[in-house]
Structure formats: structure tokens, C-alpha cells
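Small disclaimer: the values here were computed from a predicted structure and weren't measured. Naming: A, B, ... by sequence-line order, numbering from 1 per chain.
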Number of protein chains: 2
Amino acid sequence: MTTVQSPGMTIGEAAARLGLTTHTLRYYESEQLLLGSPGRTAAGRRRYDEDDVRWIEMVQRLRATGMPVRAIRAYAELCRAGAGNEDQRLAVLEAHRDEVRRHLAEVTDHLDAINHKIAGYRTVWG
Amino acid sequence: MTTVQSPGMTIGEAAARLGLTTHTLRYYESEQLLLGSPGRTAAGRRRYDEDDVRWIEMVQRLRATGMPVRAIRAYAELCRAGAGNEDQRLAVLEAHRDEVRRHLAEVTDHLDAINHKIAGYRTVWG
DNA sequence: GTCGGACTTCGAGTGCACTCGACGTCAAGC
DNA sequence: GCTTGACGTCGAGTGCACTCGAAGTCCGAC
């Protein structure tokens, strides 16, 4: 029996689409940041489907907002555990949201001070 | 001739005021992030005055907004060089300001997406 | 004068998140 | 059927910014 070409992407295609390297994608998998292992072809090669990619995009958002890899792993574990812990997942996300807001406020504050410094240069020598 | 107690703080006092460790303060100095070496007592101990502390507060702001140590060193070098390069200093600060703004926009965007995810949890199970 | 704690320098160690290299395998085009 | 390039695993290396430890010195209180 010949199987139809399975859907999804090779690791190279997924990496290109996500703006990551294949090395990083395998690293994320080894750190258990993925919801499950991506499928494999008969020859043992990874196949990424749309769900995999969407989850990794979420991982990228969490990383880009400063969530440490081990915290993402904990969140992914909750998601892997299946239904019944949505309250915990929500708590994780809300705590992270608060942390990000705090960080944004702090950076904004520093930015204001830097702008003051810039305005000083402009006033004196501009 | 007895000298009046020199003004300023020990490294420990400066560290406490800045929320840094003495290790970090010496590290910053070794990385040439300071405007000049802080003064020394006759016994060779560092003395930090108000100007030193204010500059280090600026360094903290630049660090907290993501400027790498080597970029701060470059900026400090410009400042140490004395008058005549204010346009370059301004360019450095403005480039950094733009970078920080870009970063803020990106994080804000990710935050929105995370909030959507949170809203999803609330809608379905909340 | 002596004791404790803060100071000195120097180099090594830590934690994080990748990032790379080595080396072997395998699928597809020519 | 043979090359070629993407894939596989594994462990080691990198860059950044601290952070710590060791070993010795010095100041102030008693």
C-alpha cells in the first residue's frame, strides 16, 4: 500500500516559516516546549503540521516577551496534561501578562528619561 | 595638615543606593562604563560622588532598556572625550531610543496576542 | 594593639538560550 | 546507481552579563 504524501512540512520548511533555525526547532523539542512530538515520516523525519506551527508561534510570543524556557516548558506540560487544568493555565498566562505589563511600564519610564537626556543635548547644542 | 573627610560614598554605600552589588560596580568600572575612575582615598579605596552616582543611574537606564555593555562603553568613551562630539552622542541616544520604541511596539503586539489567548480561556471555561 | 568587617585585585564560575560541529543516513534528481 | 543536500543524533562551544571565591590589606571601635 502506497501512502499519500503526508501533509505538513519538513523541519527546514517549518524553520523558514517561523524564522528559526532547524537547530533551534530541535532544541525547543528537546526542551519539551512543544505540545507533543511532531509526527515523523516512515524514515524518521519530523513533519510539522499547522497546529505545530501555531503552537510554536505562541512559544515565540512567550519567549519574545521574556518568559524563560523552563516556564514555557511548565505551561506546555499543563497543556499536554489535557482538559481539567484550564484554571492553572489561565493563572500562568495572567501572571506572565502582569509581568510583561510591569516590564513595559518600567522600560517606558526609562525611555522617558532617555528622551529628557536627548532633549538636553538638543537644547544646549542643537 | 589634616584633610577634611572627603565627600562621597564608599563602594558599599554607592552599591546600596544604586541597588547593585559592589562586584557589579567594580565590573562596570573594569568594562569602562564609567565617565572616569571614581576618586580614591589615600588608602586606595574608591569614593563615589553625586556625579558618579548620577552617571551610573544613566548606565542602569541604558542597561534596563537593553543597550549592551559594549555599546554603553562606546557612549561613555564619547562622553569622556570631552566637548566636540555632542552630535555623535545624540545620534547614539536617538538610535537607542528608536530601538527601544521598536522593542516596545513588538512586545505590546505580543501582549495583545497573549491577552487574546487569555480571553479565549475565559470565554470557554470561565 | 587587636579584632571584625569592608575593602582591594584577579581569575574562575554561573545561568541562560541558543548555536555549532561532527559524523552518519537517506530520498530524490540525473 | 550515484551524487548531493537535507535530515538524524549527540555533545561541545559561544556570548552575554554578571557573580563568586580566594587571599590579602586596611580602617575604626573597643
Side-chain angles (χ1 to χ4, degrees), chain A residues 2-6 8-34 37-49 52 56 58-76 96 99 103 107 110, chain B residues 2-6 8-34 37-48 52 56 58-76 96 99 103 110:
Chain A
T2 54
T3 49
V4 175
Q5 167 65 30
S6 71
M9 297 157 252
T10 66
I11 190 171
E13 289 161 348
R17 178 156 152 197
L18 289 160
L20 298 172
T21 66
T22 57
H23 275 302
T24 300
L25 230 29
R26 281 188 283 253
Y27 165 71
Y28 280 178
E29 186 180 338
S30 76
E31 291 295 317
Q32 287 149 242
L33 304 192
L34 305 193
S37 302
R40 299 278 179 140
T41 64
R45 298 191 174 188
R46 293 170 179 81
R47 292 250 105 193
Y48 294 79
D49 63 22
D52 292 326
I56 295 165
M58 182 68 186
V59 169
Q60 287 182 293
R61 288 191 188 285
L62 294 174
R63 285 290 305 119
T65 51
M67 186 181 280
V69 163
R70 67 176 167 287
I72 299 178
R73 175 166 47 233
Y75 178 61
H96 180 58
E99 182 62 23
H103 175 72
V107 170
H110 289 316
Chain B
T2 55
T3 49
V4 174
Q5 167 65 31
S6 70
M9 297 157 252
T10 67
I11 190 171
E13 289 161 347
R17 177 156 153 199
L18 289 161
L20 297 173
T21 66
T22 57
H23 275 302
T24 300
L25 231 28
R26 282 189 281 254
Y27 165 70
Y28 281 178
E29 185 181 339
S30 76
E31 291 295 318
Q32 288 148 241
L33 304 192
L34 306 192
S37 301
R40 299 278 179 141
T41 64
R45 297 192 174 187
R46 293 170 180 81
R47 291 250 107 194
Y48 294 77
D52 291 327
I56 295 165
M58 182 68 186
V59 170
Q60 287 182 292
R61 288 191 187 284
L62 294 174
R63 286 290 306 120
T65 50
M67 186 181 279
V69 163
R70 67 175 165 286
I72 299 177
R73 175 166 47 232
Y75 178 61
H96 180 59
E99 182 62 23
H103 174 74
H110 289 317

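- For the salt bridge (Lys or Arg N to Asp or Glu O under 4.0 Å) test, residues two or more places apart in sequence or in another chain that qualify with A:R40 are A:E29.
- Residues satisfying the ring pair (Phe, Tyr, Trp, His ring centres under 6.0 Å) test with B:Y75, not counting sequence neighbours, are B:W55.
- Listed by chain and number, the residues in a side-chain hydrogen bond (donor to acceptor under 3.5 Å, both in side chains) with A:R70 amount to none (sequence neighbours excluded).
- Contact of the A:L20 side chain with the A:Y27 side chain is not registered, since no non-hydrogen atoms from C-beta on lie closer than 4.5 Å.
- For A:T10 and D:dC7, the shortest distance from a side-chain N or O to OP1 or OP2 is below 4.0 Å.
- Across the protein-nucleic acid pair, B:R26 atom CZ and C:dG11 atom C1' stand 14 Å apart, rounded to whole Å.
- To the nearest angstrom, P of C:dT9 lies 15 Å from CD of B:E31.
- Contact annotation: A:R40 side-chain N/O to D:dT9 OP1/OP2 distance is under 4.0 Å.
- Among residues two or more places apart in sequence or in another chain, the side chain to side chain contact (heavy atoms under 4.5 Å, CB included) test is passed with A:A71 by A:M67, A:P68.
- The nearest whole Å value for the distance from the CZ atom in A:R47 to the P atom in D:dG8 is 10 Å.
- Shown here are the salt bridge (Lys or Arg N to Asp or Glu O under 4.0 Å) partners of A:R45, two or more places apart in sequence or in another chain: there are none.
- Regarding contacts with the backbone of D:dG8, a side-chain N or O of A:R46 is found under 4.0 angstrom from either OP1 or OP2.
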For this session: Quick one, give me the B/S/- string for nucleotides 14-26 of chain D, reading 5' to 3', where B means a protein heavy atom under 4.0 Å from the base and S means that only happens at the primed atoms, P, OP1 or OP2.
Result: --SBBBBB----B
